[in-house]
2 protein chains.
Amino acid sequence: MRRRVLDVAEDSFQARGYHASSLGDLMAAAGVTGGALHHHFPTKKALALAVIGERVAAAVEKTWIEPVLAAASAREGVRTVFGAVAAELEQQGYVRGCPLNNLAHELSLADDEFRSALAGIFAGWRQTIADKMRADQTNGGEGGVDPDRFAALAVAAYSGAMSMAKTSQDAGVLRECLKGLESVQPPPSGPAARRRRRVLVHIR
Amino acid sequence: MRRRVLDVAEDSFQARGYHASSLGDLMAAAGVTGGALHHHFPTKKALALAVIGERVAAAVEKTWIEPVLAAASAREGVRTVFGAVAAELEQQGYVRGCPLNNLAHELSLADDEFRSALAGIFAGWRQTIADKMRADQTNGGEGGVDPDRFAALAVAAYSGAMSMAKTSQDAGVLRECLKGLESVQPPPSGPAARRRRRVLVHIR
DNA sequence: GGTAAAACAGACCGGTTGTCCTGTTTTGTC
DNA sequence: GACAAAACAGGACAACCGGTCTGTTTTACC
């Protein structure tokens, strides 16, 4: 029963947002009475906090963290996720946006508990990519590019691309941004640049 | 009077969002009676449409379009805007996010009129950067990088960085992403590059 | 300075929202 | 099978929301 409420809430929060999702609608959609809902989630805020902590975090984990960790490199992981998400969106024909971003925009200024919960997910997401790239570098690959910088850019590009994709209802911008991300190379400054590039070619 | 309402609405929509801004609050904050408000904006939706068309578009124009057009190059324009916004946010000590993005997330799935109005602003923004870079290229500068690709990435990176900055209440990620963007270089040409690219595509 | 339209005032209403409260049923445990 | 705790049912309610309505005042123009 608790799970049913969470399912419906997760879906409705993404499709309509937090404020536009009334508890009445959620109750009807989940087939749950007011008493039952209030038992598991005393307030609407508690419900949202649960959705963020249990569902949104899990979605990021499944969509991003796991594929990145499983990939051959950070770069490859980013490429894989962008491609997979773009393909999924194109197949389903509409774009509802990134659950994390959607809630982050609506809630992070409204309440500090919301904000820190969402910020934690963002931080973990970035750190996974950065750590992965650091591992790549100690393994001899991926010269020059700053891991934290790359991770921040990858997450920002994804989030921003999803915003535009949602607004234009067209996933094409995701592919555009991925191609742009592919062009992120270590800055060709000084003689070190040539060496780096050689290394990059080498390991492939 | 109409201007006063728009001022207050613009501010409240950015600080609290559309749904969380009640007309009662807006009336009180603007010192306007219900009748006056209803005279200028028959519905709340009409008010939001006016805010988007007159204020949000103008904000993007002033923050992005004008500086980019005035800059020596598209790249330089992007650099300038990122720096200026980061500096402004750091000075004021809090982050309310990008007005366009905030409303885009909350409204683009709710109503198609909202959606297309917001999508138009996004499109104009991207096109300005892309056109600027095309001009750079015909003037001999900026080789290799695809203008549309760069524009999409710049806008996405900015939007996404603002999302994270808003969620973490820290503008630092903006500077990180700018540094990442600086590393966007035309893909190295030559046999080595071609080989690498082939491998990358193959993996997908 | 008369007049029509626009601008504004302020009360009002139906509907909805989130929350709370009192019972009833189910579950787990000795 | 007694019994306490958790799970659930369902109504009640006070606050609030957006929208509408009827008047009054200001403005613009001939």
Side-chain angles (χ1 to χ4, degrees), chain A residues 1-56 102-103 105-115 117, chain B residues 1-56 102-103 105-115 117:
Chain A
M1 177 85 57
R2 194 187 121 100
R3 193 175 53 79
R4 258 212 325 262
V5 174
L6 243 40
D7 286 340
V8 169
E10 178 187 10
D11 187 75
S12 182
F13 285 172
Q14 174 154 18
R16 266 163 288 189
Y18 174 80
H19 285 105
S21 298
S22 82
L23 294 182
D25 294 345
L26 297 184
M27 281 162 45
V32 166
T33 61
L37 194 154
H38 180 260
H39 173 71
H40 293 286
F41 309 102
T43 66
K44 191 182 183 184
K45 174 179 168 178
L47 171 58
L49 240 23
V51 168
I52 292 171
E54 300 177 28
R55 301 307 182 93
V56 175
N102 291 349
L103 289 180
H105 270 93
E106 193 174 1
L107 301 179
S108 56
L109 285 191
D111 185 284
D112 209 64
E113 268 184 276
F114 284 144
R115 213 209 81 245
Chain B
M1 179 83 57
R2 193 188 122 100
R3 193 175 53 80
R4 262 215 318 266
V5 173
L6 278 174
D7 287 341
V8 169
E10 178 188 10
D11 187 76
S12 182
F13 285 171
Q14 174 155 17
R16 266 163 287 187
Y18 174 80
H19 285 105
S21 299
S22 81
L23 293 182
D25 295 343
L26 297 183
M27 281 162 46
V32 166
T33 61
L37 194 153
H38 180 260
H39 173 71
H40 294 286
F41 309 102
T43 67
K44 193 183 182 184
K45 174 179 169 178
L47 171 58
L49 241 22
V51 168
I52 293 172
E54 299 177 31
R55 300 307 181 92
V56 175
N102 290 349
L103 289 180
H105 270 95
E106 194 173 0
L107 301 179
S108 56
L109 285 191
D111 185 285
D112 210 63
E113 268 183 274
F114 284 144
R115 215 208 80 245

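The analysis underlying the following values was restricted to heavy atoms, covering all of them including side chains, and did not include hydrogens, waters or symmetry mates. The chains referred to below are lettered A, B, ... by the order of the sequence lines, with proteins before strands, and numbering in each begins at 1.
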Notebook entry, point to check: Whole-Å distance between D:dA15 P and B:L23 CG?
Noted result: 20 Å
Margin query: Is there a salt bridge (charged side-chain N to carboxylate O under 4.0 Å, His left out) between B:R4 and B:D7? Walk through the geometry before answering.
Written below: CA-CA 5 Å; B:R4 262 215 318 266; B:D7 287 341; over 6 Å; no
Next item on the list: Give the rounded distance in Å between these two atoms: NE2 of B:H19 and C1' of D:dG18.
Entry: 12 Å
Item checked: Closest contact, heavy atoms only, A:L6 versus A:A50 -> CD1-CB, 4.2 Å
Next item on the list: Could you check how far CE of B:M27 sits from P of D:dG19, rounded to whole Å?
Entry: 12 Å
Next item on the list: Select base, sugar-phosphate, or nothing to describe what B:H40 touches, counting heavy atoms under 4.0 Å on all strands.
Entry: sugar-phosphate
Margin query: If I take atom CE in residue B:M1 and atom C1' in nucleotide D:dT26, what distance separates them, rounded to the nearest angstrom?
Written below: 11 Å
Notebook entry, point to check: Taking only side-chain nitrogens and oxygens of A:H39, does any of them come within less than 4.0 Å of OP1 or OP2 of D:dA7?
Noted result: yes
Next item on the list: Measure from the side-chain heavy atoms of A:H38 and tell me the nearest of C:dC21, D:dG19, D:dA9.
Entry: C:dC21
Margin query: As a test of reading the structure: which of C:dC20, D:dC8, C:dC8 is closest to the side chain of A:A36, going by heavy atoms?
Written below: D:dC8
Margin query: Is it the case that the side chain of B:K45 and the backbone of B:D111 share a donor-acceptor pair, with hydrogens and angles ignored and the cut-off at 3.5 Å?
Written below: no
Note to self: If you compare every side-chain N and O of B:S22 against the phosphate oxygens of D:dC17 (OP1, OP2), does one of them come in below 4.0 Å?
What the structure shows: yes
Next item on the list: Take the protein atom CG of B:D25 and the nucleotide atom P of D:dC16, then report the distance between them rounded to whole Å.
Entry: 10 Å
Item checked: Separation of atom CG in A:L47 from atom C1' in C:dT19, rounded to whole Å -> 14 Å
Notebook entry, point to check: Please give, in whole Å, the distance from D:dT20 P to B:K44 NZ?
Noted result: 15 Å
Checklist line | Euclidean distance, atom CG of residue B:L37 to atom P of D:dC17 [Å, nearest integer] | finding: 14 Å
Margin query: Salt bridge check, B:R3 against B:E54: does any charged N sit closer than 4.0 Å to a carboxylate O?
Written below: no
Checklist line | Nearest-nucleotide 5' precedence on DNA chain D, A:R2 against B:G34 | finding: A:R2
Item checked: Geometric class of the A:H105/B:H105 ring pair [parallel <30°, tilted 30-60°, perpendicular >60°] -> parallel
